Amino acid sequence: MTQLDLSTREARWKYFGSVDPIKGNKPTEKEKMPDLQSSKKDFLFEIEHVGIKNLIYPVRIDDFQTVGNFEFSTSLNQDEKGINMSRIIESVEKHYDNGVKLEFDHLTTLLNTLQSVMLQNTASLDVTAKWFFNRFSPVTNQKAVGHADIRYILSVSDDKVTKKSLGIEVPVTTLCPCSKEISEYSAHNQRGIITVLIDLDPEIDLPDNYKDIVLDGMEANASSMLYPILKRTDEKAVTERAYENPRFVEDLIRLVAADLVDLEWIQGFEIECRNEESIHQHDAFARLKYTK
Ligand SMILES: Nc1nc2c(ncn2[C@@H]2O[C@H](COP(=O)(O)OP(=O)(O)OP(=O)(O)O)[C@@H](O)[C@H]2O)c(=O)[nH]1
């Protein structure tokens, strides 16, 4: 048997079935390539949103660098075939500094760039990221890092912000009021997942700590919030706090709503609590929507 020389990658690739590229007839220089996206004629409808989604990119929230999952889009006029999608990430890169800063002002500037490179009136984004923050245990005050999911939804049209929404999702403890009431001792409790989606008034400046205000409204109204570190004295306090503050899913969303409703920078909200029941295989949930 003749000995094959497989000492180079190319030789190994051919050995495994790779073939040489064909000599094609189509241009290889950009200037000579047709630009289908830029074709102009009547394409029957204008489009509200066209773009990319599930774009994973580094983001910065406060002192933490974390990961964002983005949807970016623009409008598209009736006489244009398509958008130049590569310009979306080019725009993101123009506003990238060790991550994309997740703050409304910064994201508005990014959308303004997108509007101008795409020559479109409207640009929008929807990003969800892990928000990390310092969390101190309730009695021994031990610092560790907690997290929630945070979502920014933003749209600009011409030179106006037309949609500005903030979403937060965080797990809490809920202790069942009914179980506490009917049982000789104990009460079952479970992990509740609270989600809020808030429409913010684009005309009103947000307080610097707007995220913390909303998160506090979600956690403080639960039977207990969750902590990364609990020593024995902390655990006793958390357990007793939950027993002293039983909550149905209905109670919890109403109490969160009561905290949010008076904030002048909030136009409306949707709140859901879903309890991963510890005495059932199914979940319990409640959801409410409110517009001022
Ligand atoms: N409009 C459109 N583009 C797509 C679609 N699917 C993929 N593409 C993208 O088309 C992109 C290449 O097109 P452009 O961004 O217009 O590239 P270009 O024309 O060289 O870019 P400019 O120099 O900015 O005009 C690639 O990034 C593909 O991801 C689609 O369904 N619609």
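Remember, it's 1-based here, ligands and their atoms both numbered in the order they're listed. Predicted model, so just to flag it, every value in this text is computed and none were measured.
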Residue, atom name and distance, where the atom is the protein heavy atom closest to atom 19 (O) of ligand 1: Asn84 ND2, 3.5 Å
For atom 21 (O) of ligand 1, closest protein heavy-atom neighbour: Ser86 OG, 3.6 Å
Parallel, tilted or perpendicular, as decided by the 30° and 60° cut-offs, for the rings of Phe133 and Trp131: perpendicular
Could you tell me the residue and atom name of the protein heavy atom closest to atom 10 (O) of ligand 1, and the distance to it rounded to 0.1 Å? Gln37 NE2, 3.4 Å
Heavy-atom pair of closest approach, residues Asn245 and Ser223: O-OG, 2.7 Å
Taking heavy atoms and a distance under 4.0 Å, where does Asp35 meet ligand 1: side chain, backbone, both or neither? side chain
Looking only at N/O atoms, are Arg87 and ligand 1 under 3.5 Å apart anywhere? yes
Nearest 0.5 angstrom please: Asp283 CG to Arg191 CZ, how far? 12.5 Å
If the plane angle is over 60° it's perpendicular, under 30° parallel, otherwise tilted; pick one for Trp265 and Tyr210. perpendicular
Using heavy atoms and a threshold below 4.0 Å, how should the contact between Lys30 and ligand 1 be classified: side chain, backbone, both, or neither? side chain
Checking contacts now, so for atom 4 (C) of ligand 1, which I'm interested in, is there any protein heavy atom under 4.0 Å? yes
Do me a favour and list the nearest non-hydrogen protein atom to atom 32 (N) of ligand 1 with residue, atom name and distance? Met85 CE, 3.5 Å
In terms of side-chain geometry, is the basic nitrogen of Asp35 or Lys30 positioned less than 4.0 Å from the acidic oxygen of its partner? no
CD1 on Ile83 to CG on Leu119, rounded to 0.5 Å: 12.0 Å
Close-contact set for ligand 1 against Ile83 heavy atoms, below 4.0 Å: 1 (N), 2 (C)
Electrostatic pair Lys163-Asp199, nearest N-O below 4.0 angstrom: yes
